[in-house]
2 protein chains.
Amino acid sequence: MLTKKAYYAFQALTHLVEKYNDGPVLISEIAEQKKIPLKFLENILLQLKNTGVLDSKKGKGGGYFLKNKPSDTRIATVFRMIDGPIAMLPCVSLYFYQRCENCNEKFCGLHDILVEVRDATLNILENRTLADLALKDKNPVLHLKPYS
Amino acid sequence: MLTKKAYYAFQALTHLVEKYNDGPVLISEIAEQKKIPLKFLENILLQLKNTGVLDSKKGKGGGYFLKNKPSDTRIATVFRMIDGPIAMLPCVSLYFYQRCENCNEKFCGLHDILVEVRDATLNILENRTLADLALKDKNPVLHLKPYS
DNA sequence: AGCAAGTCTACTCATTTGGTAGGCTATTGT
DNA sequence: ACAATAGCCTACCAAATGAGTAGACTTGCT
């Protein structure tokens with residue numbers, strides 16, 4: 001499960017993608033729009049800045065904005081920054097690998113299964129970007145008369 | 001990430017798969033073999049019994065054993081029993097669904113992405129069973145002479 | 001100068017995780 | 001019958017994590 005922090009991060013990023021090219025956006029605006037506790041959001045945005053996803057401007061007219069084009073930041077990257085490993089066990093993680101103490105990977109059926117899960121997951125998360133978060137009409141309204 | 005509880009559960013199940021047909025296995029044997037704290041393992045096995053994966057026998061000659069054939073219990077099932085939802089957000093969970101409060105699924109890019117992840121993950125976890133946990137030689141030794 | 005932003009440090013509180021302790025109950029061998 | 005065996009059950013506990021909050025500080029703009 002995603003933490004709330006990561007969930008908020010993605011919501012905030014969604015907002016920033018939608019406002020991309022509109023200049024810096026206030027923390028307070030995002031907090032209000034997305035109903036995220038302001039001070040908590042501060043932490044999150046700061047963390048996203050420190051890891052290179054966002055940039056900010058202080059003073060009047062300041063705020064947060066995406067450092068790069070939306071399509072240049074992978075979902076997987078944000079994920080790892082906020083929640084850490086994507087894999088289900090350290091012994092199958094690419095970025096946070098740690099050897100199992102009690103089991104030999106060579107003979108561990110669970111390891112195999114979780115590697116498959118990891119690869120399937122990464123195949124998605126590494127190939128989607130912030131651009132994919134933005135609002136899009138998935139159910140185009142078909143301007144039909146209601147029956148009867 | 002899996003909890004330790006789930007990890008222990010899978011280790012214990014692996015042992016029980018390997019001893020399938022050998023009759024009941026003592027908790028203490030599993031605990032020792034897999035280096036799992038005994039009392040913690042008790043809880044775990046009991047939970048697996050109460051949810052229908054394992055069965056047990058008391059008294060001398062007793063112990064735990066698989067209730068069904070290894071190939072009849074899906075990995076996904078065990079997963080859900082111990083750690084709960086497999087999906088990354090409640091709003092994309094099949095078994096633990098809960099609506100998002102702040103976002104409209106119809107217009108949420110994140111939702112789409114996480115549905116994909118869920119499907120890819122389940123495709124694996126629902127199609128692997130306890131039988132896949134068991135020890136198998138993945139790197140067959142090629143009886144070659146060491147060079148020189 | 002003075003205001004408007006973000007930045008930083010440090011707390012707090014609730015929940016979950018990862019256990020432990022100890023007695024109770026059912027089964028079985030003698 | 002009864003002791004030994006082995007799982008069952010209730011309760012507790014400590015550390016870590018998650019989810020925030022408070023408040024002072026810095027920087028940039030006008």
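Only this structure's heavy atoms are used, side chains among them; waters, hydrogens and symmetry mates stay out.
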Looking at the side chain of B:T3, which of C:dA5, C:dG19, C:dG18 is the nearest nucleotide? C:dG18

Using heavy-atom distances to pick each residue's nearest nucleotide on DNA chain C, tell me which of A:L45 and B:K60 is more 5'. A:L45

Rounding to a whole Å, what distance do you find between A:L38:CG and C:dG6:C1'? 11 Å

Could you work out which one of D:dG7, C:dG19, D:dA19 sits closest to the side chain of B:Y8? C:dG19

Please lay out, stage by stage, how A:Y97 and A:R99 fare under the test side chain to side chain contact (heavy atoms under 4.5 Å, CB included). CA-CA 7 Å; A:Y97 177 82; A:R99 209 178 82 261; 3.6 Å; yes

Quick one: which of D:dT27, C:dT20, D:dG7 gets closest to the side chain of B:L26? D:dG7

Quick one: B:F65 CZ to D:dG7 C1', roughly how many Å, whole number? 12 Å

Rounded distance in Å - CG (B:D83) to C1' (C:dG18): 12 Å

Tell me the interatomic distance from A:N50, atom CG, to C:dC8, atom P, rounded to whole angstroms. 6 Å

Would you mind telling me which residue lines up with the more 5' stretch of DNA chain D, A:E42 or A:G59, judged by nearest nucleotide? A:E42

Could you state the atom-to-atom distance from CD1 of A:I30 to P of C:dA5 in whole Å? 13 Å

Side-chain contact check for A:K58: nearest option of D:dG28, D:dG20, C:dG18 is D:dG28

Can you check the B:K4 NZ to D:dT17 C1' distance for me, whole Å? 15 Å

Below 30° counts as parallel, above 60° as perpendicular, anything between as tilted: where do the rings of A:F40 and A:Y8 land? perpendicular

Could you tell me whether the side chain of B:N68 and the main chain of B:T73 form a donor-acceptor pair under 3.5 Å? no

Look at the side chain of A:N43 and decide which nucleotide, out of C:dT20, D:dG7, D:dT21, has an atom nearest to it. D:dT21

Whole angstrom value for the distance that separates C1' of D:dG7 from CD of B:E29: 15 Å

What pairs meet the side-chain hydrogen bond (donor to acceptor under 3.5 Å, both in side chains) rule with one or both residues in residues 42-62 of chain A, with sequence neighbours excluded? A:K5-A:Q47, A:K39-A:E42, A:K49-A:S56

From C:dC8, D:dT21, D:dT27, pick the nucleotide closest to the side chain of A:L46? C:dC8

Does A:K5 have a side-chain nitrogen or oxygen under 4.0 Å from the phosphate oxygens OP1 or OP2 of D:dG20? no

Keeping the roles fixed (side chain from A:D132, backbone from A:T129), state whether a donor-acceptor pair exists under 3.5 Å. yes

Whole angstrom is fine here: how far is it from CD in B:Q47 over to P in C:dG18? 13 Å

I'd like to know if A:K39 reaches the base of D:dG23 with its side chain, counting only an N/O donor and acceptor under 3.5 Å. yes

